[in-house]
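Okay, structure first, notes after.
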Amino acid sequence: MTDELIARAVEILRRGGLVAFPTETVYGLGADAENELAVRRIFAVKGRPATHPLIVHLPGAPALGAWASRVPEEAQALAKAFWPGPLTLVLPRTGRASDAVTGGQETVALRVPAHPLALELLHAFGGGLAAPSANRFGGVSPTTAGHVRADLGDEVDLILDGGPCAVGVESTIVDLASEEPAILRPGGVPREELERVLRRPLPVRGAGAVRVPGTRESHYAPRAGLVVAPLAELARRARALAAQGKRVAVMSPSRGELPGTIAHFQVPADPAGFARALYATLREIDQAGFEVIVAPEPPPEGVGLAVRDRLARASAPRRLY
Ligand code: TXA
Ligand code: MG
């Protein structure tokens, strides 16, 4: 059954089609990274500006050399420690990575995802798969096949269903092409773990900003407004918003002092659990038609740093309250 599906997916990809597939972080919208027309279709379907480069997904670290012209020792060490896993390495590109994939940059983003279906697909396909998150540009990333269907529906040729994503936030992106290595996007692999392997501090560069000059639009954002506050202040903020007549939903580990008249959506208290539930809960609250979401800010440690980053990007440009 799975073999047949994978064979169909490979056939679609070879023809230049689009296949959505599960990864451990979020669902990806995949195309043959070496087929420029297919890659352009990704941008069209997502409504994504062509200047936002894509991550190329590989079946294993040995494929690195085909896509990166220089693989420094630190890249080898990180690949060895965290692949397959939620880590993306930005390295100088070879000719295999076209301008369509890299947005004209001289670097390429590479990752080996840790999901059995994704790895099966990548091994069967044999090449690199360019894949952004399988949602409309700027919106909340999909963590189930149902989310992908709801966002992109018939515009995808095939959706592989691998169940809910285990990590729930995107990969950590590490820039190893510049003089000074840095985290470009906090994600599934905690900063502390990267620093342990590299044995040096790894700064977060441009956190909260999309890495394209001049663009600061909202990202990872639900339709509803989002207010982020310390856990102890959630109930007070929610009551104040409700008093203004807003339809408010609170997303937190427990109801606490929240009045029964205010909607509550439970998320796990531990950062990893919060990360896993984050996007699905934002979607659920949107579906239910709330105007404002009040969410707690996790401590900036472990995967909590990625959750903070996504909440900040989802709330920042449209902070109306
Ligand atoms: O977990 C993930 O990374 C997911 C799954 C599907 O693998 N993918 C994902 O892709 O989040 P996307 O397209 O939504 O985000 C990719 C990010 C973008 O912010 C893009 O700017 C950055 O990667 N990126 C890609 N190539 C880059 C490069 N050469 N230099 C710097 N940033 C790059
Ligand atoms: Mg995305």
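Numbering of ligands and ligand atoms starts at 1, following listing order.
The Thr25 neighbourhood of ligand 1 comprises atoms 1 (O), 2 (C), 4 (C), 5 (C), with distances under 4.0 Å to a heavy atom of that residue. Distances below 4.0 Å separate heavy atoms of Ser171 from the following atoms of ligand 1: 1 (O), 2 (C), 3 (O). Near Leu184, with a cut-off below 4.0 Å to any heavy atom, the atoms of ligand 1 are 31 (C). Proximity to Thr107 (heavy-atom distance under 4.0 Å) selects the following atoms of ligand 1: 28 (C), 29 (N), 30 (N). For ligand 1, the atoms closer than 4.0 angstrom to any heavy atom of Ile173 are 17 (C), 22 (C), 23 (O). Counting atoms of ligand 1 from 1 in the listed order, those under 4.0 Å from a heavy atom of Pro132 are 10 (O), 12 (P), 13 (O). Taking a cut-off of under 4.0 Å to the non-hydrogen atoms of His57, the atoms of ligand 1 that pass are 5 (C), 6 (C), 7 (O).
Note on ligand 1: Arg93 sits outside its first shell, no heavy atom being nearer than 4.0 Å.
In this structure, Gln76 places its CD atom where more than 12 heavy-atom neighbours from other residues, nucleotides or ligands lie under 6.0 Å away. Other residues, nucleotides and ligands contribute at most 12 non-hydrogen atoms within 6.0 Å of the CD atom of Gln287.
Taking 4.0 Å as the cut-off between side-chain N and carboxylate O, Glu4 and Arg8 do not count as a salt-bridged pair. A salt bridge links Glu36 to Arg40: one of the charged nitrogens lies within less than 4.0 Å of a carboxylate oxygen. Comment: Glu155 engages Arg136 in a salt bridge, judged by a side-chain N to carboxylate O separation of less than 4.0 angstrom. Ion pairing between a basic and an acidic side chain is recognised when a charged N comes within 4.0 Å of a carboxylate O; Arg111 and Glu24 show such pairing.
Distances from atom 4 (C) of ligand 1 to the heavy atoms of Val26, Val174, Leu87 show the closest one on Val26. Comparing Arg111, Arg185, Glu170, His52 against atom 15 (O) of ligand 1, the shortest heavy-atom distance belongs to Arg185.
At a 4.0 Å heavy-atom cut-off, ligand 1 does not touch Thr102 at all. Looking at Val90 against ligand 1, only its side chain comes within 4.0 Å, counting heavy atoms. With a heavy-atom cut-off of 4.0 Å, Asp175 does not touch ligand 1 at all. Using a 4.0 Å cut-off between heavy atoms, Arg48 contacts ligand 1 through its side chain alone, with no backbone atom that close.
Taking 2.8 Å as the criterion, Ser133 counts as a coordinating residue of the Mg ion (ligand 2), since one of its N, O or S atoms falls below it.
A donor-acceptor contact closer than 3.5 angstrom links the side chains of Ser141 and Glu170. Between the side chains of Arg93 and Thr102, a donor-acceptor pair is found at a separation under 3.5 Å.
Taking the six-membered ring where the residue is Trp, His219 and His52 present parallel rings, their angle staying beneath 30° rather than reaching 60°.
In terms of N/O distances under 3.5 Å, ligand 1 is not approached by Lys46.
Within the cation-pi definition used here (under 6.0 Å to the ring centroid, within 45° of the axis), Arg313 does not qualify as a partner of Tyr220.
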